[in-house]
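Chain A is the first sequence line, chain B the second, and so forth, proteins listed ahead of strands; every chain is numbered from 1. These numbers come from a predicted model, not from an experiment.
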Amino acid sequence: MADPIEYTRLPGAGNTSTDGRFLYRHRAYLGADHILMVRRSRYGETYRRLYLDDIQSAFYCETDDARVFSAGTLAGAISGAGLAAVFAQSPINGALVGTVISIMGVTVLTVAFVLNVVQGMSVRCWIRTTGGETLVPSVGRLRAARRFITTINDAVSMRQGVADRDAVEQHLAGLHTPLSGESASMASPPPSYRWIWLLFLFEAVYVALTMAAPNDVPPGLWILITIVTWGVTLMLVFRSGNQRLYFPYRALISAASFYVTARALYWALYWFLLTMDQIIVFEIARQDLMLLGGATIVANVIFATLGFVISPTYPKRATAAVDPESVPPKSDES
Amino acid sequence: MDAVVCQRCHTALPALGGDEERCVQCGAHARLLLFPALLKPPERGRAAEALLVDGQSSCFYHPEKAAVIPCETCGRFLCALCDIELGDRHVCPGCLASDESDARTGLDSQRALPDAVALDLAIVAIIPFFWWISVFTAPMVLFLCVQYWNAETSVVQRGRWRLVLALLIAGSELVLIVTFLFFLVLGMVA
C-alpha cells in the first residue's frame, strides 16, 4: 500500500448533475506534485490528477450563470407573491392552503436569491496540461477563483519556475494571430426556437375565451395547453444549457420556466383540492376568474412577445466574402 | 493553443498579462496564467536497447531487449520502453492498468465510501413507519463499521465520525429491539 499523500484543500466547492439523476460534489486538493480533483457522489468518489509539471496554463473568466439564476429566482418570487395575494383575497375554500404554499415558495426563492447574490459573480475555470484542457468544477465563484489561481500559481511556479514573457508571446504568435476585439466565430449555429414562444399566445386566447363564456369551453383543453407549454419551456431550458446564448435570453428562459412551473403547481393544487371535495369547479367567484385570467393573459402575451423578439436568430453559414476589387465595375450604359 | 474567449460575450480576449483584467467588450473579469511547460517540446519515448551478451537480463515483455530496471510493484524486469515513471516510482504497463495495483501506486481513479452507506442505513431506520427495518439494517451497520474501521475509504483525509455516529445509532436500535423482544417474551410468559 502506498503511503497516504498529504493534501491541502483548495478554495471552492461546486455541485454538478451530469446526467440529471445524480448530484455530484466537487472539491480540489493540492498534493506535493499534483492537483487532485475529487468528484464525490453519496457513496463513492472518482479522482483526476493534474501534475504540476504538466500544467501549461490556468484561466478563469466571469459568466452569466449567477445573473441568470438571480433573474429567475427573483421573477419566481415576484410571481409567487402575486399568487399569494390573489389567494389571500379569494373567497374559495382551500385559499388558505394556497396562500401558505405560495408564501413558502416565495420564501425558498427569496433565500436562494439572497444566497446567490451574497456568493458573488460566477466564473468558469480551466487548467490546461499537455493532455488537454480540463474544466475545474469546484471553482464556480469569482472569490474562490482568485484564491484558487493564486495558490496554483505559487505551487506551479515552485516546480516549473516563471515563464519568460517574451518567449511565451513569441510562442503564442506562432500559433495564432491575435484576435482582440474580433467576435469569436461559432462552429455551427444552434437552431432558433423563435416560433415556440408563440405557444404562450394560444393559452392567452384560450383564457380569454374562457373568461367570455366560462361554461362553454372544456377545462381539459387548458390542462393540455399548460402541459404542452410546460414541456416546451423545459425543453428550452435544457437545450439552452449547452449553447452560447446571451444574458437577456437566458434570463427570459429562466423566468418563463419559473412562471410555467408555478402555474402548473397551482393547477395541480387546484385539482388536488377538487378531488378532495374542497372546491367545486364553477364555484370560483367571477372576480377571481377575471383577476387570474387577466394576469395570465398579460403574462403570456409578455412572454410570447419578449421571447419572439429577443430570440437569437443566427445567420446562415456565411458565404465567401466578395473582394470589391474583383467585381467588375458596372458599365455606364445609361 | 486556441484563442482565449470571454465566457460572457464570446469575444476573443487579448493576451492577458498574468493579472486579473476586464474583457474590453463586456467588462467580465478574466485572468490567464501561462507557465514554462507551455514552451516545453513534447517528450519523446526512449528506445529499448537490444541484448548484447548472453545471460544479460531481458525485459519481461520484450525478451530480445535488455532490462534496465525492475517494476517496483510486481518485480518484473523492464526495458527502457516498458519502464513507466510515476514521480519517483517505476512500474510496468501491466501494473499500471490493473486495478489491484492502484492502491499501491497511489493512482486510484475511484473509491467506495462504506462509512456513508453505514450512516444512511442507520439513519433510514429512524424515519417514522420504517423503524421495523432496523432489525435488518442495524446488524448490517455493525458489520460495515467493524469491517471498514481501519480501511482507507477516501484518498483525501476523511474522519471516522460517520462510522462512530452510525455505530451509536445502530447500537441504540439494537438495544431497543432486544428490550422490546425481552418485554414481549415476558408478557407472553406471564
Region of B/Arg162 that comes under 4.5 Å of a non-hydrogen atom in chain A: neither
Heavy atoms, side chains only, cut-off 4.5 Å: are A/Ile152 and B/Leu33 in contact? no
Find out whether B/His29 and A/Arg146 are in side-chain contact, i.e. whether some heavy atom of one side chain is under 4.5 Å from a heavy atom of the other. yes
What are the two closest heavy atoms between [X] and [Y], and how far apart are they?
| X | Y | result |
| --- | --- | --- |
| A/Ser41 | B/Leu113 | O-CD1, 4.3 Å |
| B/Thr153 | A/Tyr47 | O-OH, 4.5 Å |
| B/Gly27 | A/Glu62 | O-OE1, 4.3 Å |

Where does A/Val123 contact chain B at under 4.5 Å (heavy atoms): side chain, backbone, both or neither? neither
Checking A/Glu133 against chain B: side chain, backbone, both or neither under 4.5 Å from a heavy atom? neither
As an exercise, state the distance from [atom1] of [X] to [atom2] of [Y], rounded to the nearest 0.5 Å.
| X | Y | atom1 | atom2 | value |
| --- | --- | --- | --- | --- |
| A/Arg128 | B/Leu34 | CZ | CG | 10.5 Å |
| B/Arg31 | A/Phe59 | CZ | CZ | 12.0 Å |
| A/Ile127 | B/Phe35 | CD1 | CZ | 8.5 Å |

Between A/Val38, A/Leu142, A/Thr130, A/Thr129, which has the largest tally of heavy atom pairs under 4.5 Å with chain B? A/Leu142
Among the listed options A/His34, A/Arg48, A/Arg40, the residue most often paired with chain B at heavy-atom distances under 4.5 Å: A/Arg40
Distance-only, no hydrogens or angles: does the A/Tyr29 side chain make a donor-acceptor pair with backbone N or O of B/Val156 under 3.5 Å? no
